[in-house]
Amino acid sequence: MTPVYMAAGDIPTPHIEYGRLAPVLIVLGAACVGVLVEALAPRAQRYGLQVLVSVVGLVAAFAWTIALGIGDQPHHVAAMGAVGVDGPTLFIQGTILVLALMSMLLIAERRHEDSPFTAQASTVPGSPEERESLVAGLVQTEIYPLVLFAVGGMLIFPAANDLLTMFVALEVMSLPLYLLCGLARRRRLLSQEAAVKYFLLGAFSSAFFLYGTAMLYGFAGSVRLSEIAAAISKQGGDEPLLLAGVALLSVGLLFKMGAAPFQAWKPDVYQGAPTALTALMASCTLVAAVGGVLRVFYVGLETLRWDWRPMMWAVAILTMLVGAIVAITQTDVKRMLAYSSIAHGGFLLTGVIATNKAGLSSTLFYLAAYGFTTVGAFAVITMVRDAGGEAGHLSRWAGLGKRQPLVAGTFAFFLLAFAGIPLTSGFTGKFAVFQAAMAGGAMPLVIVGVVSSAIAAFFYVRVIVLMFFSEPLADGPTVSFSPATATAVAVGAFVTLVLGVIPAPALHLAQSAANQLFVR
Amino acid sequence: MTTMNAVLAAGGPELHPQAAEGVQSVAWLLIALPLAGAAILLLSGRRTNKWGHLLGTAMSLGAFVVGLLAFFQMLGQDAEGRSRLVHLFPFISAGSLKVDMNLLVDPLSISFVLLITGVGSLIHIYSIGYMSHDPDRRRFFAYLNLFVAAMLLLVLADNYVGLYIGWEGVGLASYLLIGFWQYKPSAATAAKKAFIVNRVGDFGLSVAIMVMFATFGSLSYQDVFGQASQASQGTITAIGLLLLLGACGKSAQLPLQSWLLDAMEGPTPVSALIHAATMVTAGVYLIVRSHAIFELSPDAQLLVTIVGVATLLAGAIIGCAKDDIKKALAGSTMSQIGYMVLAAGLGRPGYVFAIAHLIAHGFFKAGMFLGAGSVMHAMNDDVNMRKYGGLRKVMPITFATFGLGYLAIIGFPGLSGWWTKDGIIDAAFEKGGTSGQILGWLALIGAGITAYYMSRLMFMTFFGEPRWDEDVHPHESPKVMTVPLILLAIGSVAGGAFLILGDRFAKFLAPVVGEPEAAHKLVTPYTAIVFALMVVGVGLAYVQYLRRPVPRTAPAGNPAVTFARKDLYGDALNESLLMRPGQWLTRLTVYFDNRGVDGLVNGLAAFIGGTSGRVRRVQTGFVRSYALSMFVGAALVVGALFLVRI
């Protein structure tokens, strides 16, 4: 009988740099406080307390991130090398936190109706219980800690320096999102369907991620990105184990950012989820996912780039084209923006593929620019309402520009930014990304990018034409104003404009963040 | 060629502006104030109807004060320190592409700033009275403020991109203001015409900018002018000609002059500010500002002078035949800008007179336009001079101020026009050679015609027997309109002497356009000839329009008169040269477009749409098929990676 060793003595206590991890810890701590509030506070006070905890947590985390970026010359690994705290990571984390704060404005919105989320998730749609809970005016306040947990996961995901940490972050960020997707107040069946689909496909992709991780461990003997990189340079890249691992890991990552051919979940989920949450997913989750992609490909697999580049080229081209082309025939606003988000994922990949400093900085800039525009656009969608909730079908938007010129004009501005028209952040972002790709010798990618931008411009402009040049519907949707949502729209529009007209400071910030690349 | 060498040997003035300090460092306020005014007035809606016009005027006056302070600060600096750069923000800085947004405060731009904000403010004040009954007065002031902001950006930018943005901005404001009374079809058509004709010129300017960027890799004045001598002669000439095309469009020079007469459909203060004093002179600014390029290309310079002389004669002839008081003044504006363009094409001695005449013209022509507005106000908005007559008694202030402007423009000795126009004629003769003689004599003849048509206008309006319609009861305009008239009249009287005496303006502008080679002689043999021609012109008009009664309907006239009345067949020429072939070309292209290109495009659109519809069907909504697509995708990714290895 082999002796059983007590392992306790052999594992050293990990050294945790609490200061450097504080933004993540604050957000997760706030989430835990939120759980306690849910358990201990009386029902009437929960909403106010939860919003307070969430906002304070996010603001504090953002402030700490800024402080880290300025004070502590950020180029460290923390938590025994499991987490990297460096320029690009802090930029991504800061972006996520601001966008989460903006999304929080939409999530906490109670002017349009009691809450954008269902009164009680456990009731069956259409059942008497559901009606009871609606009449009783119940509000599902658990969403706030769930959102905070998801944001916490998003913060760790791009910072994770080893694949296991990254996997944990992936799950921490995904599980609350699966749940939140199913909590829409209206069209609950569609929402629950979206949640199930997202969960099943997410689980499937997690399996790919994990399988890839296992194979890379088999190749390098470590899950640490830096050690995988070292193993690749030492042993060369011929190992089938390595190539298969890279491929499967990529599948897991590409799924999260919704790149083709792993984009199928995105339209269904974006359409079904509560719009406030769609805003969060389309901005923060995308930023986190691309952040993770950047770290894996820039740190772990950079030396192998001649192997994965053709594959990533194909994925980027396919993503841009699928996103732009399929969007044309969409009739639902949220679905259309989902396909637009897929196409933008393709544009982002062109920056990722460049694997140089320009590529990194332009991708970072693009992420921030796109995030703000997206939250603003979804915020507008929450405002345009019919009797049955948001006016999702595009035909309902006809003539909106004549009745609500300001709202329609702002939405048109966001659409022009998505299309990449000059003097919007979309133009600057595309310009930067394409320039980096061109410098990296990816001319065909740039051409496909420009072509699909042109295709995409068609359906953005179509919506603008529909809003401004069609006769308004007699029973058209109304526009519901509220300070919180209007703030989100205004911030989105303002940043979109500023990054389009005076992009230099933000570009400079992205450049200085990218200057030292990721820490290994 | 000798002058050319002399210019080259002398070397252009060095452009190394220092960073601005003091008031000049906030020169952006010049643009920001009227821009904010426009934004507030346009966005606030009806709420600001009550005080919107006051805000607009205050913003313009504020810009004028900033301009004055910057000007006085400049006077306190030595010649090298008078060009100051205000760094605003780097617009785009990515890789080799670097576009900075800076403002250049130098003697040339500050001269324009003072003219634009000074005359502009007076016209704002005048408009308070003129537009007091218009329900859309707030919108009018918003557009005026927008114009002032764009025009200031045009003259203050330190690079061609900024200039171009301002250039388009003033074009937009001009379009909006010409068509301000859009319910009048003639106004809407005129606005459209101005827009389209200007597009031709703007096209030239934008191509010039692209050529410059391709050649010099930068668009700031400093870089372009610094490297201009290294570019090939052909490139420089091409840039010069393209810039001239731009200038022709904006400044209504032949062959792009036709829009200016129609532009008189706009409210009269607009005609005074935009279509007389400031915007139409942007072409002159462009040529003088780009003098480093024109000096390197004698061909381009020669063409500039030819365009100038041709336009000054054409405008004067048109002015002789018009019975519409505003159109007669518009012809005169064309003609006077022709003088400025001529001067700008003459090289170093001419620049000072071009700008000096521009400023003097800004005063007397704005004054006369506003005077014409005052007359129209009195005559129930009738513009036909044949129905005026004898107004000097009922409108003494308008008559006096208009009369001073009149004396200034015909070059009565001592008044503004005399100093500046004679300077231009002298400069033309000083150019030497046959071309100098031809240009000089034509400019002389133009001065004679100017005296004739302006006297005609004066006599028909203010002298003779009243020929008014029965229901017209003329009266003097309110103070808010006459005070600006008086102030502008003071400028018309004294502006020229102030600028030219003692070469004051030449010395002031020297840091930008270089020192003139010799001091300007105030009296030359030609002065007497100009004076004689002026007397002949006035006398002829006296005989025709004061001694004889003026018929209330225009007589048939001989072919020459018809020729002039029809704007020298400018519209017919445009139609046959541009519109008809254009229409044919359009029809032809439409034909090919329908058959060939449309087929391709429609096919492509149908293909993409069809693909979209087909791919969309893949999105079945079944999670199992999504999972399958993921699985296939994963297999492809794995396969792709291994494929690369093989």
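Every chain is numbered from 1 and lettered A, B, ... according to where its sequence line falls, protein lines coming before strand lines.
- Within the model, atoms OH of B:Tyr626 and OH of A:Tyr198 stand 14.5 Å from one another, a figure rounded to the nearest 0.5 Å.
- Counting heavy atoms of neighbouring residues, nucleotides and ligands inside a 6.0 Å radius, atom OH of B:Tyr175 does not exceed 12 of them.
- Contact annotation for A:Ser205: both backbone and side-chain heavy atoms come within less than 4.5 Å of a heavy atom of chain B.
- Contact annotation for A:Leu200: only side-chain heavy atoms (C-beta onward) come within less than 4.5 Å of a heavy atom of chain B.
- Around atom CZ of B:Phe642, more than 12 heavy atoms belonging to other residues, nucleotides or ligands sit under 6.0 Å away.
- Across every non-hydrogen atom of A:Phe262 and B:Val637, the tightest pair is CZ-CG2, 3.9 Å.
- Contacts of A:Phe458 with chain B are absent, with no heavy-atom separation under 4.5 Å from either backbone or side chain.
- When the candidates A:His508, A:Gln330, A:Arg309 are compared by the number of heavy-atom contacts under 4.5 Å with chain B, A:Gln330 comes out ahead.
- By number of non-hydrogen pairs under 4.5 angstrom with chain B, the leading residue of A:Leu318, A:Ile328, A:Thr329 is A:Thr329.
- At a 4.5 Å heavy-atom cutoff, the contact between A:Ile455 and chain B is made by side-chain atoms alone.
- Counting heavy atoms from C-beta on, the side chains of B:Leu641 and A:Val246 come closer than 4.5 Å.
- Taking every heavy atom of both residues into account, A:Pro261 and B:Gly633 meet most closely at CG-CA, 3.5 Å.
- A:Phe204 contributes atom CZ, which lies 5.5 Å from atom CE of B:Met630 (distance to the nearest 0.5 angstrom).
- Within a 6.0 Å sphere centred on CZ of B:Phe180, other residues, nucleotides and ligands contribute more than 12 heavy atoms.
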